[in-house]
Amino acid sequence: MADAKVKKECDPADAAVIENRIKELCIQFPQGITDQVIQNDMPHLEPTQRAMVINKLLSVGQLDLLRNSSGLLYRMKDAQSASKMKGSDNQEKLVYQIIEDAGNKGIWTRDMRFKSNLPLTEVNKILKNLESKKLIKAVKSVAASKKKVYMLYNVQPDRSVTGGAWYSDQDFESEFVEVLNQQCFKFLQSKAEVARDSKQSPMIQRNSSFATSHEVWKYICELGISKVDLSMEDIETILNTLIYDGKVEMTIIAAKEGTVGSVDGQMKLFRGVNPIIQPTGLVKTPCGLCPVFDECHEGGEISPSRCIYMTEWLNF
């Protein structure tokens, strides 16, 4: 019996080998590994040996212990954050871990209270302490003006939090968007005019009047009218509003992999259009043409009271 007991205890050399292998698995699976992953990789490892090595890695701060729907997860702790959190108590480490897991979308205080099971006063105290250490930061969300979300200090907030290029201090830059609308449409119109002046066949004229979103993006960047860096996704958002206004049409073509502006072997092309006759009022009803009609509801990110198309239509 004594021999069996000694056998189950880890020899220091064997423990070092097991520790290194577990850390290798954590690097291989950065989202975290389960006990089953370790067991599958080292089937001859006794459960007591596995538990002893994992507990040691947790105690020295080399692993994080997480929980998801599948059970417990072990994940390699970032060395930089581990050094910053040195000396912090378990409650502070728990709140930091919750904020880290929230990523670039951040997390509200209410959700932190729910996940940590800590009282509000304690959570607020920990947040102030972490902010003073510049480990986390509070970011105002455009989705709820009176609420702040918390994320790691060096994380760039997601567009859903800041509103992207169209928002400045939570205020929608309607004039900036309107200028971009006009300039994008002007570029597509000029390209269409050049195509018409070429005196080639109608089909060739039509095909040459199209422009890629990358071409439009490059034109806007060269104008220098934006104080913020605009992405092609931002420009496509503007082009989509022109499509909804009936000023632009889009087509999708196949493209070679690696072609600038292509995604998954496809490329979007845009061209300015001038309707032959103005559509009737019924056809122009915003809700009848709106592509996000199903997502529109009062109090949501898209709502009738904030719809510029509805406002313009009612004023008309």
Side-chain angles (χ1 to χ4, degrees), residues 158-160 163-166 172-174 176-226 228-296 301-302 307-313 316:
D158 188 76
R159 291 168 60 92
S160 62
W166 321 131
F172 182 67
E173 298 286 347
S174 56
F176 175 52
V177 172
E178 182 59 30
V179 169
L180 287 176
N181 265 277
Q182 293 172 0
Q183 292 300 325
C184 287
F185 184 55
K186 179 181 177 182
F187 173 76
L188 293 176
Q189 275 187 316
S190 64
K191 193 170 181 66
E193 289 173 3
V194 170
R196 284 194 296 269
D197 294 341
S198 66
K199 306 299 182 182
Q200 299 187 65
S201 68
M203 184 58 71
I204 294 177
Q205 287 184 33
R206 183 180 184 279
N207 291 340
S208 58
S209 66
F210 280 100
T212 65
S213 52
H214 181 264
E215 289 178 298
V216 183
W217 170 79
K218 185 178 178 182
Y219 169 76
I220 295 297
C221 290
E222 290 174 350
L223 282 180
I225 59 177
S226 175
V228 297
D229 293 331
L230 296 173
S231 64
M232 284 214 309
E233 185 182 356
D234 292 328
I235 295 302
E236 286 189 4
T237 301
I238 296 294
L239 292 170
N240 285 336
T241 64
L242 291 170
I243 292 173
Y244 305 149
D245 288 338
K247 296 179 179 179
V248 168
E249 68 177 15
M250 180 192 75
T251 188
I252 299 177
I253 63 171
K256 291 182 179 179
E257 189 173 346
T259 305
V260 177
S262 65
V263 178
D264 296 330
Q266 294 183 328
M267 181 181 290
K268 295 178 182 178
L269 299 178
F270 303 85
R271 69 186 289 262
V273 293
N274 294 312
I276 300 174
I277 59 173
Q278 289 296 323
T280 63
L282 182 61
V283 174
K284 291 173 68 176
T285 304
C287 296
L289 300 171
C290 183
V292 290
F293 177 80
D294 293 335
E295 301 173 26
C296 183
E301 191 171 343
I302 304 167
C307 178
I308 59 171
Y309 301 107
M310 178 63 75
T311 302
E312 290 177 358
W313 185 70
F316 175 79

Between CG on residue Leu223 and NZ on residue Lys218, distance to nearest 0.5 Å: 12.5 Å

Set of side chain to side chain contact (heavy atoms under 4.5 Å, CB included) partners for Asp245, sequence neighbours left out: Lys247, Tyr309

Gap separating the OG atom of Ser213 from the NZ atom of Lys268, nearest 0.5 angstrom: 7.5 Å

Side-chain (Glu222) to main-chain (Tyr219) donor-acceptor, under 3.5 angstrom: no

Ring pair (Phe, Tyr, Trp, His ring centres under 6.0 Å) involving Phe210 - partner list, sequence neighbours excluded: none

From Leu239 atom CG to Asn181 atom CG, the distance as rounded to the nearest 0.5 Å: 8.5 Å

Close side-chain approach of Thr212 to Trp217, heavy-atom, < 4.5 Å: no

Smallest separation among heavy atoms of Phe187 and Ala211, with atom names: CE2-CB, 3.9 Å

Point-to-point distance, once rounded to the nearest 0.5 Å, from CG of Leu188 to CD of Glu249: 10.5 Å

Approximate separation, where rounding is to 0.5 Å, of Ser209 OG and Gln189 CD: 12.0 Å

Minimal non-hydrogen separation, Gly272 against Phe185, with atom names: CA-CE1, 4.3 Å

Distance-minimising heavy-atom pair for Lys191 and Ser208: CE-O, 3.6 Å

Donor-acceptor contact below 3.5 Å, side chain Gln205 vs main chain Gln200: yes

Arg206 vs Arg271 side-chain heavy atoms within contact, under 4.5 Å: yes

Inter-residue atom distance Ile204.CD1 - Lys199.NZ, 0.5 Å rounding: 14.5 Å

Worked check of side-chain contact (heavy atoms from CB on, under 4.5 Å) between Ile220 and Gln183: CA-CA 7 Å; Ile220 295 297; Gln183 292 300 325; 3.8 Å; yes

Check: Gln266 and Ile253 side chains under 4.5 Å, non-hydrogen atoms: no

For Leu230, the option from Thr237, Ile238, Leu180, Ile225 that meets side chain to side chain contact (heavy atoms under 4.5 Å, CB included): Leu180

Any donor-acceptor pair under 3.5 Å from Asp234 side chain to Ser231 backbone: yes

Passing option when Cys184 is tested against Thr241, Val179, Val216, Val248 for side chain to side chain contact (heavy atoms under 4.5 Å, CB included): Val216

